[in-house]
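In what follows, a structure is listed as structure tokens, so that the remarks can point back to it.
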Amino acid sequence: MAIKANPLISVLLPVYNGEAYLAQSIRSILNQTLTDFELICINDGSTDSSLKILRQFARTDKRIRILNNAQNMGMAASLNRALPLSKGKYIARMDADDISLSTRFQKQVALLESNPKLVAVGGQEDIINDAGDVIAQKFFPTNPQTCYQVLANFMPIQPPTLMVRGDAFRSIRYNTTICKNDDINIYFKLLQFGELSNVDSIIFQYRQTASSLTHSNAKKVYFMALRNRLDAMINFGYRPNLLRLIGLITETAFISLVPSNWIITIFNFFRQTRPTTTISSSVDYLK
């Protein structure tokens with residue numbers, strides 16, 4: 001399929017050694033019910049077969065464009081490279097190991113079109129394992145005021161589900177100096193252009209692999225996020241309510257005391273709804 005000169009959506013897909021699930025991820029984009037998009041894939045210095053897989057798809061679908069980093073630059077820098085090259089009215093994020101359900105773009109565009117105050121939206125998601133089985137679900141607020149407030153404690157939109165108005169997104173850049181916190185920083189920047197929200201149905205499958213279940217530097221990541229939140233209060237005019245501020249202080253005190261390897265487990269316990277039985281993947285055609 002050929003790409004339009006000005007597609008409705010530009011999809012940004014950074015890839016670093018993503019050969020295991022990359023084909024599934026790309027097929028989930030190509031299978032969208034809303035087909036007016038360009039897919040910009042940024043190969044970030046991969047040493048596996050990721051670039052080969054990207055080129056195979058690009059040969060059969062002209063909507064796919066490939067940017068190739070000579071060396072690994074990191075996700076934030078890769079996204080910054082792609083942003084000014086995007087042409088879409090909307091810009092969507094995607095990761096190389098996740099799956100977008102077929103109506104994701106259709107539902108997100110409909111929400112943005114129906115509410116001009118919104119600058120960015122995400123959606124609800126399944127959590128899947130290596131095999132693609134649903135092991136949990138994660139839900140995000142749909143009320144823009146709630147999304148604003150919860151930024152004091154957690155991200156109101158799962159980063160790879162993000163869809164943003166193109167003009168706003170192209171006018172800002174990810175901060176490449178705050179690894180693991182560039183998404184929080186970008187949300188505070190986006191708030192300068194409008195409100196955040198989420199589609200109220202499950203539109204995404206976020207893959208939780210063994211390597212992503214724990215983080216040896218969880219405390220360091222948390223306190224870097226805290227620094228970003230405090231910076232937003234000082235420099236971006238972010239004003240969480242008293243309840244959120246108390247929650248932030250309590251949370252910070254608690255995390256200061258617990259072992260680092262507990263943090264991710266505790267966070268997932270409170271943020272995920274786990275099905276009583278394992279549910280088969282709803283996108284078996286991708287396997």
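One-based numbering along the sequence shown.
A donor-acceptor pair under 3.5 Å links the side-chain atoms of Gln149 to the main chain of Asn241, judged by distance alone. A donor-acceptor distance shorter than 3.5 angstrom exists from the side chain of Arg104 to the backbone of Thr161, with no hydrogens or angles considered. Checking side-chain atoms of Lys89 against main-chain N and O of Gly166 turns up no donor-acceptor pair under 3.5 Å. A distance-only check finds a donor-acceptor pair linking the side chain of Glu19 to the backbone of Ser49 [under 3.5 Å]. Although no hydrogens or angles enter the test, the distance criterion places a donor-acceptor pair under 3.5 Å between the side chain of Lys189 and the main chain of Arg173. One N or O on the side chain of Asp98 and one on the backbone of Arg207 form a donor-acceptor pair closer than 3.5 Å. With hydrogens and angles disregarded, a donor-acceptor distance shorter than 3.5 Å links the side chain of Gln192 to the backbone of Phe188. Checking side-chain atoms of Asn80 against main-chain N and O of Tyr174 turns up a donor-acceptor pair under 3.5 Å. Of the possible donor and acceptor atoms, one in the side chain of Asn17 sits under 3.5 Å from a partner among the backbone N and O of Asp48. Side-chain atoms of Gln32 come within 3.5 Å of backbone atoms of Ser28 as a donor-acceptor pair (strictly under, hydrogens ignored).
The two atoms that bring Ser50 and Leu22 nearest to each other are O-CD2, 3.6 Å, heavy atoms only. The minimum heavy-atom distance linking Leu118 with Arg165 is given by the pair O-NE, 2.5 Å. Between Ile203 and Gly123, the closest heavy-atom pair is CD1-CA, 3.7 Å. In terms of heavy-atom proximity, Asn198 sits nearest to Pro156 at ND2-O, 2.9 Å. Taking both residues in full, the closest heavy atoms of Pro14 and Met75 are given as CG-CG, 3.9 Å, listed atom of the first, atom of the second, then distance. When every heavy atom of Arg170 is checked against every heavy atom of Gly88, the shortest pair comes out as NH2-O, 2.9 Å.
Two residues are said to be in side-chain contact when any heavy atoms from C-beta on lie closer than 4.5 Å; Cys147 and Phe140 fail this criterion. Put simply, the side chain of Tyr206 does not reach to within 4.5 Å of the side chain of Lys138, judged on heavy atoms. Between Thr35 and Phe105 the shortest side-chain heavy-atom distance does not fall below 4.5 Å. In this structure, the side chains of Ile26 and Leu54 come closer than 4.5 Å at one or more pairs of heavy atoms. Taking the side chain as every heavy atom from C-beta outward, Asp231 and Tyr238 never approach each other to under 4.5 Å. The side-chain heavy atoms of Met233 and Arg239, taken from C-beta on, include a pair separated by under 4.5 Å. Contact check for Leu191 versus Phe236: no side-chain heavy atoms found under the 4.5 Å cut-off. Ile9 places none of its side-chain heavy atoms less than 4.5 Å from the side chain of Asp36.
The distance from the CG atom of Asn31 to the OG atom of Ser102 is 6.0 Å, given to the nearest 0.5 Å. In this structure, the separation between OG on Ser25 and CD on Gln205 is 11.5 Å, given to the nearest 0.5 Å. For the atom pair OH of Tyr222 and OG of Ser256, the computed distance is 7.5 Å after rounding to the nearest 0.5 Å. The structure places CG of Leu257 at 11.0 Å from OG1 of Thr252, a figure rounded to the nearest 0.5 Å. From Ile42, atom CD1 reaches atom CG of Leu83 across 8.5 Å, with rounding to the nearest 0.5 Å. Phe154 contributes atom CZ, which lies 12.5 Å from atom CG of Leu248 (distance to the nearest 0.5 angstrom).
Side chains of Asn72 and Asp44: a donor on one and an acceptor on the other come within 3.5 Å. Of the N and O atoms on the side chains of Asp130 and Tyr21, at least one donor lies less than 3.5 Å from an acceptor on the other residue.
Using a 4.0 Å cut-off between a side-chain N of Lys or Arg and a carboxylate O of Asp or Glu, Arg63 and Asp61 qualify as a salt bridge.
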task: Using the side chain to side chain contact (heavy atoms under 4.5 Å, CB included) rule, take Phe57 and Cys41 through it: C-alpha gap first, then chi angles, then the decisive distance, then the call.
output: CA-CA 11 Å; Phe57 276 99; Cys41 303; over 6 Å; no

- prompt: Could you go step by step and tell me if Glu38 and Arg65 meet the side chain to side chain contact (heavy atoms under 4.5 Å, CB included) rule?
  reply: CA-CA 7 Å; Glu38 63 175 348; Arg65 300 163 58 191; 2.8 Å; yes

- prompt: Does the side chain to side chain contact (heavy atoms under 4.5 Å, CB included) test come out yes or no for Asn69 and Ser78, once each step is laid out?
  reply: CA-CA 8 Å; Asn69 297 341; Ser78 295; 3.0 Å; yes

- request: May I have the step-by-step check of side chain to side chain contact (heavy atoms under 4.5 Å, CB included) for Gln108 and Leu111, ending in yes or no?
  value: CA-CA 5 Å; Gln108 288 184 310; Leu111 182 56; 5.8 Å; no

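Hydrophobic clustering of Ile, Leu, Val, Met, Phe, Trp and Tyr side chains at less than 4.5 Å, counting indirect connections, keeps Leu79 apart from Tyr16. A single hydrophobic cluster is seen to contain both Leu30 and Met163, as judged by linkage of ILVMFWY side chains at heavy-atom distances under 4.5 Å, directly or through other members. Hydrophobic clustering of Ile, Leu, Val, Met, Phe, Trp and Tyr side chains at less than 4.5 Å, counting indirect connections, unites Leu151 with Leu230. Hydrophobic clustering, with ILVMFWY side chains joined whenever heavy atoms are under 4.5 angstrom apart, groups Phe223 together with Val258. In this structure, Met94 is a member of the same hydrophobic cluster as Leu51, with clusters built from ILVMFWY side-chain heavy atoms closer than 4.5 Å.
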